[in-house]
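Remember, it's 1-based here, ligands and their atoms both numbered in the order they're listed.
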Amino acid sequence: MSNLRRSAFGKFACAFALTACSLWGSHAFAQTGYQPSPENLQARREFQDMKFGMFIHWGVYSVLGDGEWVFHNRKLMIEEYNRLPLFFDPEKFDARTWVALAKSAGMKYITITSRHHDGFAMFDSKVSDWNIVARTPYKKDPLKMLADECHRQGIKLFFYYSQLDWHNPDYYPRGQTNWNNGRPDHGDWNAYLDNYMDGQLTELLTNYGPVGGIWFDGMWDKPDADWHLAKTYALIHRLQPAALIIPNHHQTPRPGEDVQTFERDLPGQNTEGFNTKYVSSQLPLESSDTLNDSWGFNIGDSKYKSAADVERRLVRAAGNNSNLLMNIGPMPNGEIQQEFVTRLHAVGEWLSKYGDSIYGTRGGPIAPGDWGVTTQKADKIYVHVLNWNAPLLALPPVTGNITSAHSLLDGAAVEFTQNVDGMVLKVPPAKIEETDRVVVLTVAKAK
Ligand code: JFZ
């Protein structure tokens, strides 16, 4: 969608962003009085400990190799798009390979598109036959295989679920991304939300074992609509109390939501122009991004980020107390292109050495800066020097007395001074290709 963002979509996004903040008020209070259950609070802590996840955008749109917005971008008619499932037969799809790749990258959870804006269900849904089992020659449920494999390999599985639907006639009145694709000019919004969406969410939270949560997207298409959030959020928390609700609505979190996620931005940064600058101090945070420049498979997109770039984004996310959800768009035959595999393996290799300074940590205690960030866990503070060339690094004071400092990589002692005004570290010289120089401070809690 990237090239779009600067084109039609960009104009739409800015217009949309402007309207959104004014019109949200009316339906802001989703699950008022929501008290997260003990299981949900535990799941939130585990989510924060995981730090790194694999985002997967995969659907019948992958066949056209032009991203997940191709239905909209080419202004296709429904009967034209209805042909796509006929060509979707991912004989090379292997859940074990996908889950093993995520694990080899050091990723602890997977978030996959159970259905995107084209409304096509990538699972065996009895709510509608617009799904992979009923409409493709593949006739199998890849989410079932993935769920079983994730449970087998100890990886948590989350489902991306689009509230926006360009295919269902009951998605009516239409939204800001609408075009005349042949749907009748009438429909039943309540039936869409209460029967169709809640029906499919019930299937996803009943037929696939324990689910990490639901990653919603698409409310931005109808900013002033009543999305029945209170009912839908209560349904999810009733069916699976530990499931986390993660809404990509780019707005201030509402009651009933369990994680705040930022798209293509670190928390509070709004370089994309559609993210809120509000950062919750209560909810776990997540930042999503693409390994190349596209969410869905895009045959012409070779703008790959380097492994070092991904590592730095992961470190900066952790330093901002956030997870990183890094996206790949598998090919229509079910294979994952080598350029993604190579980079993910390299990141996994890096995490096998630096993982202690990421997993299970929280951001801080020193605020992020251009020079780098800090993460903390138990009596350790990890100083991640990402962008600093001088031999000495002066940092603000921290609570407690630093009793030792050493390089995470080789354990070598690091010289430091500490007083009430702060500390000065003698930063180890950067080694070739060293993405992140990590100095581990051991802190004795102030008496
Ligand atoms: C949304 C989806 O549209 C996209 O396909 C992908 O799934 C991504 C993770 O999330 O991307 C958006 C949606 C809305 C805006 C920007 C990106 N917006 O409102 O500016």
Tell me which part of N248 gets within contact of ligand 1: side chain, backbone, both or neither, using heavy atoms under 4.0 Å. side chain
From atom 11 (O) of ligand 1, work out which of E272, H116, E263, H117 has a heavy atom at the shortest distance. E263
Passes ring-ring contact (aromatic ring centres under 6.0 Å, His included), Y208 versus F159? Steps please. CA-CA 10 Å; Y208 298 86; F159 292 133; 5.7 Å; yes
Which ligand 1 atoms does W69 reach within 4.0 Å, using its non-hydrogen atoms? 2 (C), 3 (O), 4 (C), 5 (O)
Could you check whether any side-chain heavy atom of T232 comes within less than 4.5 Å of a side-chain heavy atom of L193, counting everything from C-beta outward? no
Ignoring hydrogens and geometry, is there a side-chain-to-backbone donor-acceptor pair from T113 to Y160 under 3.5 Å? no
Using ring centroids (six-membered ring only for Trp), state whether F88 and F120 fall under 6.0 Å. no
Does E68, backbone or side chain, put an N or O under 3.5 Å from an N or O of ligand 1? yes
Atom indices of ligand 1, in the order listed, that fall short of 4.0 Å to a heavy atom of Y160: 7 (O)
Is D309 salt-bridged to R343, going by a charged N under 4.0 Å from an acidic O? no
Would you say Q163 and K222 make side-chain contact, with heavy atoms under 4.5 Å? no
Would you mind finding which of D217, N327, L164 brings a heavy atom closest to atom 10 (O) of ligand 1? D217
Heteroatom proximity flag, W295 to ligand 1, N/O under 3.5 Å: no
